[in-house]
Amino acid sequence: MVRHNLPAHRWRSSSYSADNGGQCVEVQFTEEGFLAVGDSKDRARGALVSDPISWSNFIRAVKNARLGP
């Protein structure tokens with residue numbers, strides 16, 4: 001799900017983002033406990049929001065190259 005207008009003060013840079021002048025992946029937890037992931041240079045596009053367990057499963061699948069047909 002995509003959400004817009006999340007609180008600006010809650011965004012933090014991902015620990016995996018390099019220090020490259022503010023162009024990075026940002027994350028925050030919503031009031032409902034979901035994880036929001038957004039692009040620091042284009043917040044107007046909104047943020048991808050997921051429950052933390054699903055997000056962890058997605059990241060694990062990416063790391064293990066288990067995505068695909």
Side-chain angles (χ1 to χ4, degrees):
M1 143 181 28
V2 175
R3 296 253 316 254
H4 293 87
N5 303 317
L6 292 167
H9 69 279
R10 286 191 172 169
W11 287 113
R12 64 177 179 83
S13 294
S14 168
S15 59
Y16 292 98
S17 293
D19 184 17
N20 55 5
Q23 297 184 16
C24 60
V25 173
E26 292 181 313
V27 296
Q28 70 168 273
F29 281 99
T30 67
E31 291 182 9
E32 304 86 10
F34 292 107
L35 180 68
V37 181
D39 182 349
S40 66
K41 63 187 177 299
D42 196 359
R43 288 187 183 156
R45 294 182 82 180
L48 179 64
V49 178
S50 175
D51 69 89
I53 292 172
S54 295
W55 185 255
S56 293
N57 291 337
F58 169 72
I59 294 300
R60 190 175 309 111
V62 169
K63 286 181 179 180
N64 294 324
R66 290 190 318 226
L67 295 177

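Between Leu35 atom CG and Gln28 atom CD the span is 9.0 Å, to the nearest 0.5 Å. In this structure, CZ on Phe34 lies 5.5 Å from CE on Met1, to the nearest 0.5 angstrom. A distance of 11.0 Å separates CZ in Arg12 from SG in Cys24, rounded to the nearest 0.5 Å.
Of all the heavy atoms in Val49 and Ala36, the pair that sits closest is CG2-CB, 4.0 Å. Scanning all heavy atoms of the two residues, the minimum distance from Ala8 to Arg43 falls at CB-NH1, 4.0 Å.
Hydrophobic clustering of Ile, Leu, Val, Met, Phe, Trp and Tyr side chains at less than 4.5 Å, counting indirect connections, keeps Val2 apart from Val25.
Counting Ile, Leu, Val, Met, Phe, Trp and Tyr side chains that sit under 4.5 Å apart, directly or through other members, Leu6 shares a hydrophobic cluster with Trp11.
Within the structure, salt bridge (Lys or Arg N to Asp or Glu O under 4.0 Å) contacts touching residues 44-55 (residues at least two apart or in different chains) are Asp42-Arg45.
The 12-atom threshold is not exceeded at CD of Glu31, counting heavy atoms of other residues, nucleotides or ligands nearer than 6.0 Å.
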